[in-house]
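Shown next, in C-alpha cells, is the structure this report addresses.
We number each residue from 1, following the sequence as shown. Each ligand, and each atom within it, is numbered from 1 in the order the structure gives. In this text the structure is predicted, and so the values were computed from the model without any measurement.
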Amino acid sequence: MRYIEPHAHMVSRVTDDYHDLAAAGCQAVCEPAFWAGFDRSSAAGFYDYFCQLTEHEPRRAAKFGLAHYCWLCINPKESEDVLLAGEVVSLIPKFLSKPNVLGVGEIGLNKNSRNELKVLEMHVDLAARHQQLILVHTPHLEDKHKGTRLILDVLRNDRRIQPERCIIDHVEEHTIGMVLAAGFWAGMTLYPETKCTGARAVDMIERYGSDRLWMNSACDWGISVPLAVPYAALELRRRGHSADAVDKIIYQNPRRFLGQCPNFAKLAAVND
Ligand SMILES: [Zn+2]
C-alpha cells in the first residue's frame, strides 16, 4: 500500500508516529498550520511556528524517508483578533518561497463570526495574489453547514479563485454535496470521536464517487489516529473496492490536487 497523508499536525506527534506512517506506506505527509491548543500571544509566536513547519519538521520526517510539506496561515480559532491576524498574514509571503510550502491553510471559520470572515477574506486575497493553493477548515457540528456555505460564498465571490485549486476539508454527509457541486475538492477527516469514521467515509465515497476526494487523519494533540488513512483503506478493500480504486483515493487523488503546486510536483516526479 502507498498513500499520502494530506493533513496531519506532526508538530504535536511523537517521532514514533513518523516511523509508523513510513512503515504503513506513507510517501509524504502534509501539515496545515493549526491552533496550538492555546492562543499565541504575538506574531512572533507564529514566526517561530512557521520556522518549525518549514525547517525543523521536514528534517524530522526525512529521518524516516518521508517528504514533509506544510501550509501556512493563522487558523480560524485565533482569528478573533483581526489586528494580530493582519500581522501574521503579513509574515507569510517571505515563507512562501520555502521548498516545502504547498499554499495557504488551514483557513476557514470556527464560530462563523464577523472577525473570522474578515480574516478568511485576508487569506483568500493572500492566496490569490501569490497564486497559492487553498486548504479550508470547516466548523464543527451545528456550525458546519452554515460555515461551509459562508466559506463557499467567500471563495466564489473572488473571481481570482479557481475551485479546482481549493480543498474544503472535514466535509460530512450534509456538506459534501454542496462542496463537490460547486467544483471544489473535498477532504474527509477520519476521527475516532468527532468528524467522520472510516466506515462513514466509505459510505460517502460509494454515494458521491471519488473524483475530487481525499481522506486524512488530521492527527493533532487531541485524540486522533495517525494511521486512520491506511485503516480506512482496509475498510474499502473489505467492502470490495479494488486495489486500484483504493490507490486512486489514498495516493493518486492527493497527488493530483497537490501536484498543482510546483513544490509538490517535484516530489511526484522523484517517486515515478
Ligand atoms: Zn487540521
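Residues F50 and F95 bring their aromatic ring centres within 6.0 Å.
With salt bridges taken as basic N to acidic carboxylate O contacts below 4.0 Å, none links D81 and R40. Looking at R156 and D153, a side-chain N of the basic residue comes within less than 4.0 Å of a carboxylate O on the acidic one, giving a salt bridge.
Residues I134 and H123 form no side-chain contact, since every pair of their non-hydrogen atoms from C-beta on lies 4.5 Å or further apart.
Excluding waters, the protein N/O/S atoms found under 2.8 Å from the Zn ion (ligand 1) are H7 NE2, H9 NE2, E106 OE2.
The stretch residues 10-32 participates, sequence neighbours left out, in these ring pair (Phe, Tyr, Trp, His ring centres under 6.0 Å) pairs: H19-F64.
The minimum heavy-atom distance between Q52 and P58, with the atom names listed, is O-CD, 4.1 Å.
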